[in-house]
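First comes the structure, then the notes that go with it.
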Amino acid sequence: MPLDSSRDPRYDCLFEPIKLGPVTARNRFYQVPHCNGMGHVYPASMAEMRGVKAEGGWAVISTEEVEIHHTTEIAPSIEGRLWDAQDIPYHARMVEKVQQHGSLAAIELVYHGHTTSNRYSRIPPMAAHSIPTDGIDPVQTRAMDKADFKALRRWHRNAALNAKAAGYDIVYVYAGHNLCLTQHLIAKRFNQRTDEYGGSLENRVRLFRELIEDTKEAVGDRCAVAVRFAVDELMGPEGITSETEGREVVEMLAELPDLWDVNVSDWANDSVTARFAEEGYQEPYIRFVKGLTSKPVVGVGRYTSADAMVSLIKRGVLDMIGAARPSIADPFLPKKIEEGRMEDIRECIGCNICVTGDYMYVPMRCTQNPTVGEEWRREWHPERIAKAKTEGESVLIVGAGPAGLEAARAAAARGYQVMLAEAERDLGGRVTRESRLPGLSSYARVRDYRQGQLEKMEGVEIFRESRLTLENILEVAPDHLAIATGASWRRDGAGRALPLGLPGLAENPTVFTPDDLMAGALPEGPVLVFDDDHYYLASVLTDLLVAKERPVIFVTPQSVVAPFTEKTMEQHRIVKRMMDAGVEIKTAQSLTAFDAGRATLTCGYSGRETLVEAASLLLVTARSPNDALLQEAKAAPEKLEAAGIRSLRGIGDCVAPGTVAAAVYEGHLWARDLGEVIDPDVAPFLREERALPAD
Ligand code: ADP
Ligand code: SF4
């Protein structure tokens with residue numbers, strides 16, 4: 001029966017309990033393993049983040065991949081660690097946080113093989129053969145012998161026992177993401193062994209089978225044993241495919257595990273950005289699995305739509321709805337569906353900013369959910385925010401981009417009387433503009449969630465088409481003032497490569513900025529796109545120009561195209577798309593002149609100059625904060641005081657242009673800080689310090 005009568009009964013099936021071996025999940029929502037940049041380095045943060053998701057209704061909460069032994073560590077990446085019993089307490093903390101809300105805790109055990117170089121332990125990693133490790137380290141693995149396989153089985157078994165001691169309900173055997181030895185052995189390209197672990201598929205799957213059997217034998221009385229298996233590597237016959245070995249492995253092991261968690265490999269294929277894949281993109285690869293096993297099947301596909309989830313259950317594609325990113329963007333997604341509060345769901349936009357945290361070895365951040373990673377150190381909760389001591393006071397927020405919208409939403413939740421003024425008719429600022437570009441429509445969700453919330457909150461007034469001046473602000477005379485007026489792309493070429501820009505560009509009518517294109521301007525081709533930003537926008541605008549049949553020459557001072565998008569796992573897709581579209585790519589080249597249809601480029605290595613014919617130039621270099629209003633207000637403290645304005649802060653791009661995630665975070669932080677006494681001389685969050693061992 002629905003808990004809340006406002007829920008449409010068609011979603012009831014999502015709340016049926018599912019038996020997983022010896023344990024039972026309370027509903028069908030399953031947070032699959034995902035990295036988070038906290039892991040064993042920031043364990044209290046990791047545990048709290050997982051606990052919040054359990055509170056939000058996910059029936060199963062999994063760890064990230066967890067190293068089972070010191071011979072398989074991936075420093076400086078921050079994942080989980082269960083090398084031995086010393087690591088049990090931090091896992092026990094996570095388990096406690098998850099189970100206290102009635103959810104099951106799952107752990108994903110991993111042995112990497114050639115996907116680690118063991119930079120910290122300095123022990124040569126081992127694999128089926130002596131081959132170079134993934135990446136660029138000058139390291140090769142050593143080939144495993146019989147004793148190594150035996151030892152590995154023992155280590156995996158010990159880790160399973162330690163996981164059980166920590167209290168986990170589900171223990172994973174992992175063969176996914178092209179990150180682990182079990183999968184490498186199954187894939188012929190990495191396994192040419194001639195012993196019982198090589199040759200036939202039966203032999204190549206042997207270690208995977210043994211680990212599942214060992215784990216069942218060791219902990220299966222109390223823990224469910226799950227497998228995570230990549231049924232397709234999306235590389236055709238070179239790799240595992242869902243028509244060949246992927247399918248055969250599921251057939252061979254069908255009833256052995258208590259749960260099948262299936263996906264595609266590698267991670268970049270499993271977590272594709274919205275720009276390159278739609279919700280549900282994995283279904284064609286994984287849908288065969290349920291036909292081959294009676295055990296529950298979980299899969300992922302960036303599902304945020306309850307209707308899509310119901311359809312997966314009704315059509316017999318999945319038994320449980322797996323999610324990583326949707327659970328990060330909205331830890332309370334299941335609860336909101338359960339209570340029929342669809343309009344409150346904060347949908348993942350598929351930007352992979354969360355992934356960048358992991359790649360940069362810091363706690364993850366999320367564009368949609370500014371509280372992620374802050375649950376423990378700042379005690380931020382995604383759904384609850386304490387009323388302010390000064391609640392009832394008025395705030396005026398100027399600018400309704402991501403920073404202003406989130407500031408308004410969070411300030412209203414804290415009990416302030418909120419006035420939000422926006423110069424344009426549409427709210428959303430840059431996300432509204434960018435969401436009209438090819439592949440970025442999901443960015444509008446940043447606006448839509450916040451606008452939807454603001455429209456139904458008490459004490460909120462929104463003023464559209466209201467470009468405020470300082471005089472207007474003084475007339476309104478709020479108690480608190482936040483200015484979030486955004487930033488504009490520079491027209492002079494200034495940025496990292498050209499700190500001072502180039503003379504003449506700003507006045508040249510054949511020079512364009514992203515703002516021009518987003519406002520509808522269409523440069524004459526060929527267009528030279530100079531990307532000194534290195535994130536997504538230059539390539540998105542290239543897509544736009546290509547769609548408008550403008551030939552493009554893409555120039556970057558970096559040695560690869562859009563290098564920051566390596567951290568969102570899109571870089572290879574961006575380059576392929578450009579190449580397929582016939583875009584001419586020039587790397588390690590800076591712009592040194594542009595005039596009269598001709599650009600001069602200078603090689604970053606040799607200094608050699610080349611001339612390129614281009615009718616127009618699109619500069620994607622740096623942004624100038626739109627801070628005139630902020631500076632004017634800052635320069636007139638006496639006027640603010642006379643109007644009764646007690647606090648003033650600039651937030652988001654009008655202070656420091658950055659990502660949408662950073663602007664949302666800034667807006668949120670401002671609202672959290674309002675009315676609090678903040679000591680600028682001490683860190684505003686708790687720190688996870690390791691105890692200094694005895695001398
Ligand atoms: P951020 O990412 O920091 O939120 P955006 O550029 O997305 O920045 O949003 C800034 C918003 O502020 C834009 O929608 C812009 O129209 C609006 N804006 C700029 N100046 C004013 C002003 N003086 N009065 C009201 N709104 C303004
Ligand atoms: Fe989704 Fe982007 Fe948040 Fe990741 S950072 S969970 S992709 S909205």
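Numbering of ligands and ligand atoms starts at 1, following listing order. Sequential numbering from 1 along the given sequence is applied to the chain's residues.
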For ligand 1, which atoms sit closer than 4.0 Å to a heavy atom of Gly429?
7 (O), 9 (O), 13 (C), 14 (O)

Under 4.0 Å from one or more heavy atoms of Gly350, ligand 2 contributes atoms 1 (Fe), 7 (S)

Parallel, tilted or perpendicular: ring planes of Tyr359 versus Trp267, cut at 30 and 60 degrees
parallel

Heavy atom of Val398, distance to ligand 1 below 4.0 Å:
yes

May I ask you to list the atoms of ligand 2 that are less than 4.0 angstrom from any heavy atom of Thr367?
3 (Fe), 5 (S)

Can you list the ligand 2 atoms lying under 4.0 Å from a non-hydrogen atom of Ile349?
1 (Fe), 8 (S)

Under 4.0 Å from any heavy atom of Ser466, which atoms of ligand 1 are there?
24 (N), 25 (C)

Please confirm whether Arg433 approaches ligand 1 to less than 4.0 Å, judged on its heavy atoms.
yes

Aromatic ring proximity, centroids under 6.0 angstrom, Trp380 and Phe685
no

Of all the atoms in ligand 1, which lie at a distance below 4.0 Å from a heavy atom belonging to Ala421?
25 (C), 26 (N)

Sub-4.0 Å atoms of ligand 2 with respect to non-hydrogen atoms of Arg325:
6 (S), 7 (S)

Would Asp344 and Tyr449 count as having a side-chain donor-acceptor pair, cut-off 3.5 Å?
no

Report, in ascending order of atom number, the atoms of ligand 1 lying under 4.0 Å from any heavy atom of Gly486.
5 (P), 6 (O), 8 (O), 10 (C)

Between atom 1 (Fe) of ligand 2 and Cys348, is there an N, O or S atom separated by less than 2.8 Å?
yes

Pair His572 and Phe276, ring centroids less than 6.0 Å apart
no

